[in-house]
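We name chains A, B, ... by the order of the sequence lines, and we start the count at 1 in each one. These figures come from a predicted structure and were not determined experimentally.
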Protein chains: 2
Amino acid sequence: MRDLAIGELAGTTGCKVQTIRYYEQIGLMPHPPRTSGGQRRYADEHVSRLAFIRHARDLGFDIEAIRQLLALADQPDLRCGEVDQIARQRVAEIDTKIEQLAGLRSEMKRMIRQCKRGRISECRIIGTLANPAFTYWR
Amino acid sequence: MRDLAIGELAGTTGCKVQTIRYYEQIGLMPHPPRTSGGQRRYADEHVSRLAFIRHARDLGFDIEAIRQLLALADQPDLRCGEVDQIARQRVAEIDTKIEQLAGLRSEMKRMIRQCKRGRISECRIIGTLANPAFTYWR
DNA sequence: CCTTGAAGCTCTAGTCACTGGAGAGTTTAG
DNA sequence: CTAAACTCTCCAGTGACTAGAGCTTCAAGG
């Protein structure tokens, strides 16, 4: 698991090649060593750092939060309360998102139920969407 | 409720002024009549069209889907099955998102539980995020 | 009628987190 | 040694807005 080309790193982490180069460019990933021909070669530490980044992204952390987390991780003598805080905040955000989506879902279902599959002029979906009164759920 | 300036339209629909101009630019909103001085003036039809767009956006439809919906609505003799289809697809997308978020949420909670509030070197949050095995929930 | 300040105008550029393509160079298996 | 597959850099584009500069127009009060 050493000296991976960028495509292999991409393969093992499920991250696209361009995305890895992008992360390097914005300073989330370090500049890796290069071959004499100029190609990037990655080691295990890069694999786990990228896995960290991807996983955090998938969890919905934005780049700035990940940068903080990485900075924290690079100074292991700090207390982890700060990390914990960021995570708790994320859970709260996730809860809000889930609630919102559940609301949207029930409104969509309601609209579909009302759709009589007739002509569009009778279609309740468009009518509902056009009605400014139906913004209660925001 | 006639001859609204762009700011008044923005006020009644909860949409920003720049966003309205943007919608006009990309062809979602029509070019409204202008005063002799070049300012846009809107009528009731614009209010409901913009309300439709905003509501659909809030429900998570993307611009392209809204464009389709509007095109459909402009031809009231078509059957509404197509509209129904678009809405059903949206529900499926919402369901997927909710599932994903629920998965993320439980992992975040687990990470928080494991955080012993000690040093980061013992903090399970960063370790968990760095572990490529923890991608099961995707 | 005139002034004044809020609101409008266009145009350009920036945001976030990538994604895609052109055109050239490098690596590796057979 | 060749050919295919991969990688390089650089630049531009995506979606859905958002912000700002610098200027013009509108409407209400005096």
Arg41(A) or Tyr23(A), whichever maps to the more 5' nucleotide of DNA chain C: Tyr23(A)

For Asp95(A), all residues meeting salt bridge (charged side-chain N to carboxylate O under 4.0 Å, His left out), sequence neighbours excluded: Arg105(B)

[atom1]-[atom2] distance between [X] and [Y], expressed to the nearest 0.5 angstrom:
X: Glu24(B); Y: Arg21(B); atom1: CD; atom2: CZ; result: 9.5 Å
X: Met29(A); Y: Cys15(A); atom1: CE; atom2: SG; result: 8.5 Å
X: His31(B); Y: Arg40(B); atom1: NE2; atom2: CZ; result: 9.0 Å

Partners of [X] by side chain to side chain donor-acceptor pair (under 3.5 Å), sequence neighbours excluded?
X: Arg57(A); result: none
X: Glu8(B); result: none
X: Arg67(A); result: Glu64(A)
X: Tyr23(B); result: Arg54(B)

Ile6(A) vs Tyr42(A) side-chain heavy atoms within contact, under 4.5 Å: yes

Which residues share a side-chain contact (heavy atoms from CB on, under 4.5 Å) with Pro30(B), sequence neighbours left out: His46(B), Arg49(B)

By side-chain contact (heavy atoms from CB on, under 4.5 Å) - contacts of Arg41(A) (at least two apart): Asp3(A), Ala5(A), Thr35(A), Gln39(A)

Sub-4.0 Å heavy-atom contacts from residues 15-22 of chain B onto DNA chain D, ordered by number: Lys16(B), Gln18(B), Thr19(B), Tyr22(B)

Covered region of DNA chain D, 5' end to 3' end, by chain A [heavy atoms, under 4.0 Å]: dT7(D) to dT9(D)

5′-ward residue of the pair Arg57(B)/Thr35(B) relative to DNA chain D: Arg57(B)

Residue whose closest nucleotide on DNA chain D lies nearer the 5' end, Gly7(A) versus Gln39(B): Gly7(A)

First and last nucleotide of DNA chain C, 5' to 3', lying under 4.0 Å from heavy atoms of chain B: dG8(C) to dT10(C)

Short side-chain to backbone donor-acceptor contact, Thr13(A) and Leu9(A), under 3.5 Å: yes

Residue from Ile63(B), Leu28(B), Ile20(B) passing side chain to side chain contact (heavy atoms under 4.5 Å, CB included) with Ile53(B): Leu28(B)

DNA chain C-proximal residues of residues 25-34 of chain A, any heavy atom under 4.0 Å: none

